[in-house]
Amino acid sequence: GLVHAACSYIGRYNFPFWKLVGASVTSSYRKKWQASESDRILNLGGGSNCLDGCLTVDIDPRSDVYVDLSKKLPFPDASVDAIFCEEAIEHISLEAGKQLLQECWRILKPGGAIRLATPDLNWFTSKLSQSHTHCHELNQIFYEHGHCYLYTREALQFYCQEAGFIEVYFSTYQESKSRLGYLDSHAHRFQHLPEMSQYLEAEKPKEIAPNLEL
């Protein structure tokens, strides 16, 4: 509505203001989406890249709903069909990233899928000995773009499995057989090699073992 539009516009130039009002101003959109009967696909940390058929959540005032990825996600348990998270998890600390994966597992329905795209530290380090320019590229990926923590493939897989995800596999950019690969766009939007990122896809188990108290 008009209030959201006005607050969002102000928030683009005054982020402290948006941080103060964003969650309350956008809560109605989140609740309406949660009540819908269509597949609920969450575009987590999507910024201004609002995708058709998805609810885009981020601290960015241009997203659909204000959500801080470093906090508890404002969605009920087992309420989301799928989660797409493109080039976002590297913008929060390792501890916050591990918590985010646990939160994603919590809010996904059993059998729900998650797709993570994030810079591939393996790719960058493999290029170091090839040319002096790759030293500069590695420093850029670490110290520019607001990145907080970069993952090797092994680390990202480990933390996803630690959070409870199964059927973990590494996909490719816009892979046709992927459930969510059609949403990939970062390499095109920012004109970088798709191989610079890793694309991990995983599932929440269809059957969740009950917690047994001894």
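Just so you know, these numbers come straight off a predicted model, no measurement behind them. All residue numbers in this chain count up from 1 along the given sequence.
With values rounded to the nearest 0.5 angstrom, D120 atom CG is found 9.5 Å from L156 atom CG. Between the CZ atom in F142 and the CZ atom in F124 there is a gap of 9.5 Å [rounded to 0.5 Å]. Rounded to the nearest 0.5 angstrom, I89 CD1 and C148 SG are separated by 11.5 Å. For the atom pair CZ (F165) and CG (L101), the distance works out to 6.5 Å, reported to the nearest 0.5 Å. Atom OH of Y182 and atom CZ of F84 lie 9.0 Å apart (nearest 0.5 Å). In this structure, L73 CG and L42 CG are separated by 7.5 Å, a value rounded to the nearest 0.5 Å.
The hydrophobic clustering, which links ILVMFWY residues whose side-chain heavy atoms are closer than 4.5 Å, places L183 and V57 apart. The hydrophobic cluster containing F170 also contains Y159, counting ILVMFWY residues as joined when their side-chain heavy atoms lie under 4.5 angstrom apart, directly or transitively. Linking ILVMFWY side-chain heavy atoms closer than 4.5 Å, directly or via other members, places Y13 and I59 in two distinct hydrophobic clusters. I166 and I114 are members of different hydrophobic clusters when ILVMFWY side chains are connected at heavy-atom separations under 4.5 Å. Hydrophobic clustering places L69 together with L55 (ILVMFWY residues linked when any side-chain heavy atoms are closer than 4.5 Å, directly or through intermediates).
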Derivation of the side-chain contact (heavy atoms from CB on, under 4.5 Å) call for L138 and L121
CA-CA 9 Å; L138 186 62; L121 190 53; 4.3 Å; yes
_Audit row: L20, F15, side-chain contact (heavy atoms from CB on, under 4.5 Å) steps and yes/no_ = CA-CA 9 Å; L20 181 66; F15 182 71; over 6 Å; no
Notebook entry, point to check: How far apart are the C-alpha atoms of S70 and L100, what are their side-chain angles, what is the distance that settles it, and do they pass the side-chain contact (heavy atoms from CB on, under 4.5 Å) test?
Noted result: CA-CA 7 Å; S70 66; L100 177 63; over 6 Å; no
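For the residue pair H186 and H192, a side-chain donor N or O sits within less than 3.5 Å of a side-chain acceptor on the partner. In this structure, a donor-acceptor pair under 3.5 Å is present between the side chains of E90 and T118.
Judged purely by atom type and a 3.5 angstrom limit, N43 uses its side chain to pair as donor or acceptor with the backbone of N49. Distance alone, capped at 3.5 Å, places no donor-acceptor pair between the E201 side chain and the S178 backbone. One N or O on the side chain of E86 and one on the backbone of S185 form a donor-acceptor pair closer than 3.5 Å. In this structure, R12 contributes its side chain and P61 its backbone to no donor-acceptor pair below 3.5 Å. In this structure, D64 contributes its side chain and T56 its backbone to a donor-acceptor pair below 3.5 Å. Of the possible polar contacts, one joining the T26 side chain to the Y66 backbone as a donor-acceptor pair under 3.5 Å is found.
Taking both residues in full, the closest heavy atoms of L200 and A202 are given as CD2-CB, 4.2 Å, listed atom of the first, atom of the second, then distance. Across P119 and H147, no two heavy atoms sit closer than the pair CG-CE1, 4.0 Å. When every heavy atom of R40 is checked against every heavy atom of S79, the shortest pair comes out as NE-O, 2.9 Å. Minimum interatomic distance between T125 and N122 (heavy atoms only, all atoms of both residues): OG1-O, 3.1 Å. Between S8 and R62, the shortest heavy-atom contact is OG-N, 4.3 Å. Taking each heavy atom of C50 and S63 in turn, the nearest pair found is SG-CA, 4.0 Å.
Around the NE2 atom of H145, the shell of radius 6.0 Å holds more than 12 heavy atoms that belong to other residues, nucleotides or ligands. By the neighbour-count criterion of 12 heavy atoms within 6.0 Å, atom CD of Q191 is sparsely surrounded, having that number or fewer from other residues, nucleotides or ligands. Shown here is Y169, whose OH atom has more than 12 heavy atoms of other residues, nucleotides or ligands within 6.0 Å.
Here the options are K109, R106, K204, the test is salt bridge (Lys or Arg N to Asp or Glu O under 4.0 Å), and the partner is D77; only R106 passes.
Using a cut-off of 4.0 Å between Lys/Arg side-chain N and Asp/Glu carboxylate O, R115 and D184 are scored as salt-bridged.
Contact check for V3 versus C7: side-chain heavy atoms found under the 4.5 Å cut-off. Residues E103 and K71 have side chains not in contact (no heavy-atom distance under 4.5 Å, counting atoms from C-beta outward). With a 4.5 Å cut-off on side-chain heavy atoms, S197 and E87 count as touching.
Ring planes of H134 and W123: perpendicular class, angle over 60° (limits at 30 and 60°). Between Y151 and Y149, the two ring planes are perpendicular [angle over 60°; tilted spans 30° to 60°]. Using cut-offs of 30° and 60° for the angle between ring planes, the Y29 and H4 rings count as tilted.
Y173 and Y199 have their aromatic ring centers within a separation under 6.0 angstrom.
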